[in-house]
Amino acid sequence: MYNSYTQSGKPAFRAPLVAALCAGFLFLSACSDDSSSSAGDEPAVSTKTSALEVDEEHNIITWTTENSKDMCLLENGSFTWKTVNLGTSKESARYEFRGDTLVLYPLVYNNGKQERFGHMYLGGTAGKIYGTWRALFCDFDPVEKNTFCATGDVFTTKTITLSKGKMITETLYDFERYSAQKSGNLVLSELTADILRALKGTFELYIPGAFVDDSARVQSLIQEYKITTVSQTKKSINFKMDDKEYALKYNEAEETLAKDGSEKVNRIVKLELSSEKTTCNLDFERTFVEKSLCKSENKDYLDINKEIIDGQGNTLEYAVAYLANNQEEFEKCVKSVSPASSSNGQGYDGELN
């Protein structure tokens with residue numbers, strides 16, 4: 001998996017490579033999922049099979065895939081979990097060997113120019129295209145003769161097996177390891193910093209910030225706002241700001257990989273901010289739809305996409321994610337308990353900044 005972005009959402013690669021690496025994930029992955037196996041419903045391993053043609057004279061491989069995907073379709077007002085035929089895709093790549101490394105250059109064009117960067121694989125026999133190759137999640141620049149690799153942890157293992165007339169792509173998703181890497185000090189997160197700023201009149205919260213360490217800014221705000229810390233753990237903090245007492249507690253903060261093997265990220269954040277007799281509760285969930293969520297009873301929380309077209313040319317409506325977010329209500333509540341509200345008997349009336 002290309003872990004191509006830092007937790008703050010900023011690109012972790014050099015700027016010219018961003019587009020190439022994003023395309024790199026789609027390369028050799030398409031949408032098809034011939035089979036999967038795992039404990040429970042999680043597709044810990046996904047496998048797909050494509051028809052393969054090899055032009056050894058010109059070092060070109062071409063593979064054709066019948067694409068399908070399990071989806072939560074909206075049909076006649078009801079949601080149904082179905083396997084959808086998405087049609088056939090055909091892709092090509094030029095290959096070369098650099099020592100024992102196989103490099104595949106996608107034959108796609110951006111603004112009339114062929115893709116520059118090649119995706120790197122190891123494990124097969126040098127000089128022979130047929131065999132099993134493991135993705136390194138690194139790209140090679142043939143112009144600058146440089147190699148660029150994914151930063152941070154990679155939570156998938158991907159192999160391609162090339163044989164006469166067939167290519168098998170296998171991807172292993174390590175959901176458990178991904179989740180284990182996401183635990184941390186929530187009180188020193190970007191979301192905590194935003195909440196402190198919200199109490200001073202800024203009401204633009206970044207919910208994924210619960211998973212982004214921002215300890216320096218939290219400590220800076222504590223000093224700037226002359227906040228007195230009464231008690232503090234990794235998940236809660238009691239403090240005083242402008243003679244008002246507050247208790248911030250993270251009841252739940254979970255970030256996991258989507259179970260469909262798409263490398264999208266699910267996020268759940270539940271916290272409470274209390275002051276005197278008022279408690280403000282934040283309840284945020286974005287979970288990409290899996291079979292257990294594909295129910296009509298969830299219709300008010302399902303994000304619907306109307307743009308996908310199946311292999312027969314039909315436009316489909318399907319649920320992408322389960323969304324539950326009371327951020328607006330939470331911000332209003334924070335406004336009502338801000339120090340400014342005590343001075344005029346009303347909510348904060350300053351400008352947002």
Side-chain angles (χ1 to χ4, degrees), residues 6-10 179 181-256 265-287 300-301 321-353:
T6 63
Q7 287 185 341
S8 64
K10 297 178 180 179
S179 299
Q181 294 290 320
K182 293 301 175 180
S183 60
N185 194 327
L186 298 171
V187 163
L188 297 180
S189 69
E190 186 175 48
L191 179 55
T192 296
D194 286 351
I195 291 172
L196 294 179
R197 294 172 63 233
L199 287 171
K200 282 291 187 179
T202 301
F203 299 93
E204 297 177 359
L205 300 180
Y206 178 61
I207 306 303
F211 309 99
V212 180
D213 178 81
D214 202 5
S215 53
R217 187 160 70 116
V218 172
Q219 297 296 344
S220 175
L221 291 174
I222 287 176
Q223 293 182 5
E224 179 184 346
Y225 297 158
K226 296 180 173 58
I227 294 172
T228 301
T229 301
V230 178
S231 62
Q232 181 176 334
T233 69
K234 289 185 177 182
K235 295 185 177 181
S236 65
I237 181 171
N238 292 354
F239 60 94
K240 291 183 179 180
M241 177 191 288
D242 297 344
D243 297 323
K244 290 195 69 172
E245 295 185 1
Y246 297 92
L248 173 62
K249 181 181 179 182
Y250 285 84
N251 295 315
E252 184 177 358
E254 184 178 13
E255 188 174 53
T256 60
V265 177
N266 302 320
R267 292 189 175 96
I268 298 176
V269 180
K270 299 179 187 295
L271 63 81
E272 56 187 54
L273 176 69
S274 302
S275 181
E276 298 176 345
K277 296 182 179 180
T278 301
T279 298
C280 306
N281 292 290
L282 175 65
D283 190 343
F284 174 91
E285 177 177 353
R286 186 195 67 185
T287 300
D300 292 338
Y301 301 97
Y322 178 92
L323 301 173
N325 183 4
N326 72 333
Q327 180 174 328
E328 184 176 349
E329 291 79 3
F330 178 73
E331 290 179 345
K332 289 180 180 178
C333 185
V334 172
K335 184 176 178 179
S336 73
V337 300
S338 69
S341 68
S342 301
S343 63
N344 57 22
Q346 299 177 356
Y348 178 82
D349 197 32
E351 294 183 0
L352 302 185
N353 53 61

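All heavy atoms count here, side chains included; hydrogens, waters and symmetry mates do not.
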Quick check: does any side chain N or O of [X] sit under 3.5 Å from a backbone N or O of [Y], one acting as donor and the other as acceptor?
| X | Y | value |
| --- | --- | --- |
| Asp194 | Tyr206 | yes |
| Thr192 | Leu186 | yes |
| Lys244 | Val337 | yes |
| Asn238 | Ser231 | no |
| Arg286 | Val265 | yes |
| Ser189 | Asp213 | no |
| Asn326 | Asn281 | yes |
| Tyr246 | Leu196 | no |

Heavy-atom count check: over 12 atoms from other residues, nucleotides or ligands less than 6.0 Å from Lys270 NZ?
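Yes - once you tally the heavy atoms of other residues, nucleotides and ligands closer than 6.0 Å, there are more than 12.
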Is it true that, when you exclude Tyr301 itself, more than 12 heavy atoms of the residues, nucleotides or ligands shown sit nearer than 6.0 Å to its OH?
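Atom OH in Tyr301 is not crowded, with 12 or fewer foreign heavy atoms closer than 6.0 Å.
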Which heavy atom in [X] sits nearest to a heavy atom in [Y], and how many Å separate them?
| X | Y | answer |
| --- | --- | --- |
| Phe211 | Ala253 | CE2-C, 3.7 Å |
| Ser236 | Val187 | N-CG2, 3.2 Å |
| Leu221 | Ala193 | CD1-O, 3.5 Å |

Do Lys332 and Glu328 meet the salt-bridge criterion of a basic N to acidic O distance under 4.0 Å?
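Salt bridge present between Glu328 and Lys332.
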Could you check whether any side-chain heavy atom of Thr287 comes within less than 4.5 Å of a side-chain heavy atom of Glu254, counting everything from C-beta outward?
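When only atoms from C-beta onward are counted, Glu254 and Thr287 do not touch, as no gap falls below 4.5 Å.
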From [X] [atom1] over to [Y] [atom2], what is the distance, rounded to the nearest 0.5 angstrom?
| X | Y | atom1 | atom2 | result |
| --- | --- | --- | --- | --- |
| Glu204 | Gln327 | CD | CD | 9.5 Å |
| Asn251 | Leu271 | CG | CG | 7.5 Å |
| Leu273 | Ile195 | CG | CD1 | 6.5 Å |
| Phe330 | Leu205 | CZ | CG | 6.5 Å |
| Arg267 | Asn325 | CZ | CG | 12.5 Å |
| Met241 | Thr228 | CE | OG1 | 10.5 Å |

Report the C-alpha distance between Arg217 and Arg197 in whole Å, list the side-chain angles of each, state the deciding distance to 0.1 Å, and finish with yes or no for side chain to side chain contact (heavy atoms under 4.5 Å, CB included).
CA-CA 11 Å; Arg217 187 160 70 116; Arg197 294 172 63 233; 3.2 Å; yes
Side chain to side chain contact (heavy atoms under 4.5 Å, CB included) with Tyr250: which of Leu282, Leu191, Ile237?
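Of all the options given, the one that passes is Leu191.
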Pairing donors with acceptors under 3.5 angstrom, does anything connect the side chains of Gln223 and Gln219?
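There is no such pair (donor and acceptor under 3.5 Å, judged by atom type) between the side chains of Gln223 and Gln219.
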